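Here is the structure we will look at, set down as structure tokens.
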Amino acid sequence: MEQKTLSKWLKCILIGVGICGLIMYATVIPVFGLDLRTMYPEFSDRFWPWLIFIWVSGIPCFSVLVLAWKIAGNIGRDQSFTEQNARLLKWISGLSAGDAGFIFAGNILLFLLNMSHPSIVLASLVIVFVGVAVAVTSAVLSYLVKKASVLQEESDWTI
């Protein structure tokens, strides 16, 4: 597959993921929370803390999409193995690890404040695992892209 075509496909996927994320964060989660608040009025004091917690946890997710967009643009310009892409992947790794830690700590805090249920804390471990998996994968990719950029640079200097 040609670099420009690959870049276009990556950007289309990123747009799709961004739209799905906006729909989830802007409509589905608040509507679901309002429904829960209506069905269980005794838990209505938990609506805003949870909604704010979920919205804040979405900030790194959309930041990762912006960084991935930059990587896709570099791929389209035939600059796949560059120091910049390695740095961007390292940023993605840090954001993913930070978001996973934030979700874990936030769930524990909300549980200790009696605003959560143990099953929700256990279910959130799946989200934390996915975040850590993304962090490790992007860290490994960052390392490999950096090594490939060094090899490519050395290859460019040889005749």
Side-chain angles (χ1 to χ4, degrees), residues 1 3-33 36 46-113 115-153:
M1 185 179 295
Q3 297 283 345
K4 289 189 186 277
T5 307
L6 179 62
S7 175
K8 286 178 185 176
W9 275 105
L10 286 172
K11 287 181 178 182
C12 287
I13 290 169
L14 290 171
I15 289 170
V17 169
I19 290 170
C20 289
L22 278 175
I23 291 169
M24 288 298 293
Y25 280 104
T27 58
V28 174
I29 293 172
V31 168
F32 182 69
L36 284 175
R46 292 163 172 85
F47 174 73
W48 282 109
W50 267 101
L51 188 60
I52 292 169
F53 171 67
I54 291 171
W55 280 346
V56 170
S57 73
I59 294 170
C61 298
F62 288 104
S63 300
V64 164
L65 289 177
V66 170
L67 297 175
W69 185 273
K70 290 180 181 181
I71 292 172
N74 287 341
I75 290 171
R77 289 188 297 276
D78 201 20
Q79 298 174 348
S80 301
F81 302 111
T82 62
E83 183 73 32
Q84 181 187 11
N85 282 351
R87 273 194 318 274
L88 291 172
L89 284 165
K90 196 169 195 167
W91 269 97
I92 290 172
S93 175
L95 285 169
S96 298
D99 197 33
F102 174 75
I103 289 172
F104 180 74
N107 271 295
I108 297 298
L109 179 66
L110 288 168
F111 176 72
L112 292 175
L113 292 173
M115 292 187 159
S116 186
H117 191 269
S119 62
I120 293 175
V121 175
L122 289 175
S124 73
L125 291 178
V126 173
I127 296 170
V128 170
F129 176 76
V130 169
V132 170
V134 168
V136 170
T137 303
S138 57
V140 169
L141 282 173
S142 171
Y143 173 77
L144 293 174
V145 167
K146 185 172 176 129
K147 297 262 308 179
S149 73
V150 168
L151 288 173
Q152 186 176 16
E153 189 176 305

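Computed from a prediction, not measured in an experiment: that's the story for all the values here.
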Over 12 non-hydrogen atoms of neighbours within 6.0 angstrom of NZ in K11: yes
Nearest-0.5 Å distance that lies between atom CG in L95 and atom CD1 in I59: 11.0 Å
Short side-chain to backbone donor-acceptor contact, S7 and A72, under 3.5 Å: yes
Close side-chain approach of N107 and F53, heavy atoms under 4.5 Å: yes
Side chain proximity check, V17 to L14, heavy atoms < 4.5 angstrom: no
W48 vs L51, side chain to side chain contact (heavy atoms under 4.5 Å, CB included): CA-CA, chis, key distance, verdict: CA-CA 5 Å; W48 282 109; L51 188 60; 3.7 Å; yes
Expected output: side-chain W50 to main-chain M115 donor-acceptor under 3.5 Å: yes
Worked verdict on V134 versus D99 for side chain to side chain contact (heavy atoms under 4.5 Å, CB included): CA-CA 11 Å; V134 168; D99 197 33; over 6 Å; no
S93 side chain to L89 backbone, donor-acceptor under 3.5 Å: no
Exercise: identify the closest heavy-atom pair between T82 and V145: O-CG1, 3.5 Å
Trace of the side chain to side chain contact (heavy atoms under 4.5 Å, CB included) decision for V56 with I52: CA-CA 6 Å; V56 170; I52 292 169; 4.2 Å; yes
Polar side-chain atom of S142 near backbone of S138 as donor-acceptor pair, under 3.5 Å: no
Output a table of donor-acceptor pairs, distance under 3.5 Å, between side-chain atoms of residues 74-81 and any protein atom two or more places apart or on a different chain; print 'none' if there are none.
{"from": "N74", "atom 1": "OD1", "to": "R77", "atom 2": "NH2", "distance (Å)": "2.4"}
{"from": "N74", "atom 1": "ND2", "to": "Q84", "atom 2": "OE1", "distance (Å)": "3.3"}
{"from": "N74", "atom 1": "ND2", "to": "N85", "atom 2": "OD1", "distance (Å)": "2.7"}
{"from": "R77", "atom 1": "NH1", "to": "G73", "atom 2": "O", "distance (Å)": "3.4"}
{"from": "S80", "atom 1": "OG", "to": "Q3", "atom 2": "OE1", "distance (Å)": "3.3"}

Within 6.0 angstrom of E83 CD, more than 12 heavy atoms from elsewhere: yes
Which atom of F47 lies closest to which atom of P30, heavy atoms considered: CE1-O, 3.9 Å
Over all atoms of both residues, closest heavy-atom pair of F62 and G21: CZ-C, 3.6 Å
Non-hydrogen atoms of A100 and V128 that approach each other most closely: O-CG2, 3.6 Å
Worked check of side chain to side chain contact (heavy atoms under 4.5 Å, CB included) between L65 and W69: CA-CA 6 Å; L65 289 177; W69 185 273; over 6 Å; no
Rounded distance (nearest 0.5 Å) linking atom CG of L151 with atom CG of L144: 10.5 Å
Distance (rounded to the nearest 0.5 Å) between I127 CD1 and I103 CD1: 5.5 Å
Atom pair CG (L10) and OG1 (T5), whose distance is rounded to the nearest 0.5 Å: 11.0 Å
Validation row: C61, Y25 side chains within 4.5 angstrom (heavy atoms): yes
